[in-house]
Amino acid sequence: MVPPMSDKRRRAYGFSADFSGTLLDVPIGTALYTIDTYRALPHAQITGLDYSQTMLEGAKNGLPMLDYVMSVLFKAMFAVWIFQIILLTLFLR
């Protein structure tokens, strides 16, 4: 299990509390780990990507303020997106 983005991890990764850049969370799932990332980086512009509409609906219920995209990562990679941080939480099983 991957620990959430605590303040300690945020500092270890070199992100300041006022980081306001872009972050992609893949797959976002139900946003279980994203909630802690959002708390640690409250000014970040977070986009959640998942291939499951059911998972995205669960994420939207918990964090309605984020942007969401339903796609498979490898298809979405070819879109013109630039993110400063990409989180691959539980991506490879």
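The chain is numbered in sequence order, starting from 1.
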**Prompt:** What do the steps show when you test Leu23 against Leu41 for side chain to side chain contact (heavy atoms under 4.5 Å, CB included), and what is the final call?
**Reply:** CA-CA 10 Å; Leu23 184 146; Leu41 302 170; 4.0 Å; yes
Note to self: Between Thr47 and Val69, is there a side-chain heavy-atom distance shorter than 4.5 Å?
What the structure shows: yes
Residues at least two apart in sequence or cross-chain that pass ring pair (Phe, Tyr, Trp, His ring centres under 6.0 Å) with Tyr68, listed by chain then number, are none
Rounding to 0.5 Å, atoms CG (Leu63) and CZ (Arg39) come to a distance of 8.5 Å
For Pro42 and Ala17 the tightest heavy-atom approach is CD-O, 3.9 Å
*Verify side chain to side chain contact (heavy atoms under 4.5 Å, CB included) between Leu66 and Thr34, making sure each step is shown before the conclusion.*
CA-CA 10 Å; Leu66 306 185; Thr34 313; 3.8 Å; yes
| Chi angles and distances behind the side chain to side chain contact (heavy atoms under 4.5 Å, CB included) call for Val26, Leu87 | CA-CA 6 Å; Val26 181; Leu87 295 178; over 6 Å; no
In terms of heavy-atom contacts, Thr22 and Phe83 come closest through OG1-CA, 3.2 Å
In terms of heavy-atom contacts, Met70 and Tyr51 come closest through CG-O, 3.9 Å
The side-chain contact (heavy atoms from CB on, under 4.5 Å) partners of Thr30 (sequence neighbours excluded) come to Leu32, Met55
Rounding to 0.5 Å, atoms CG (Asp67) and CG (Asp25) come to a distance of 12.5 Å
Heavy-atom closest pair (Leu49 atom, Ser71 atom, distance to 0.1 Å) is CD2-O, 3.4 Å
The reported gap from CG in Leu24 to CD1 in Ile85 (rounded to nearest 0.5 angstrom) is 10.5 Å
Shortest non-hydrogen pair, Gly29 vs Asp50, comes out as N-OD2, 2.7 Å
Worksheet item: Side chains of Asp18 and Ser16: is there a donor and an acceptor less than 3.5 Å apart?
Response: yes
Rounded to the nearest 0.5 angstrom, the NZ-CE distance for Lys60 and Met65 is 14.0 Å
Heavy atoms of Ile28 and Gly48 approach each other most closely as CD1-CA, 3.5 Å
Evaluate Thr54 against Leu56 for side chain to side chain contact (heavy atoms under 4.5 Å, CB included), listing each step before the verdict.
CA-CA 5 Å; Thr54 304; Leu56 287 174; over 6 Å; no
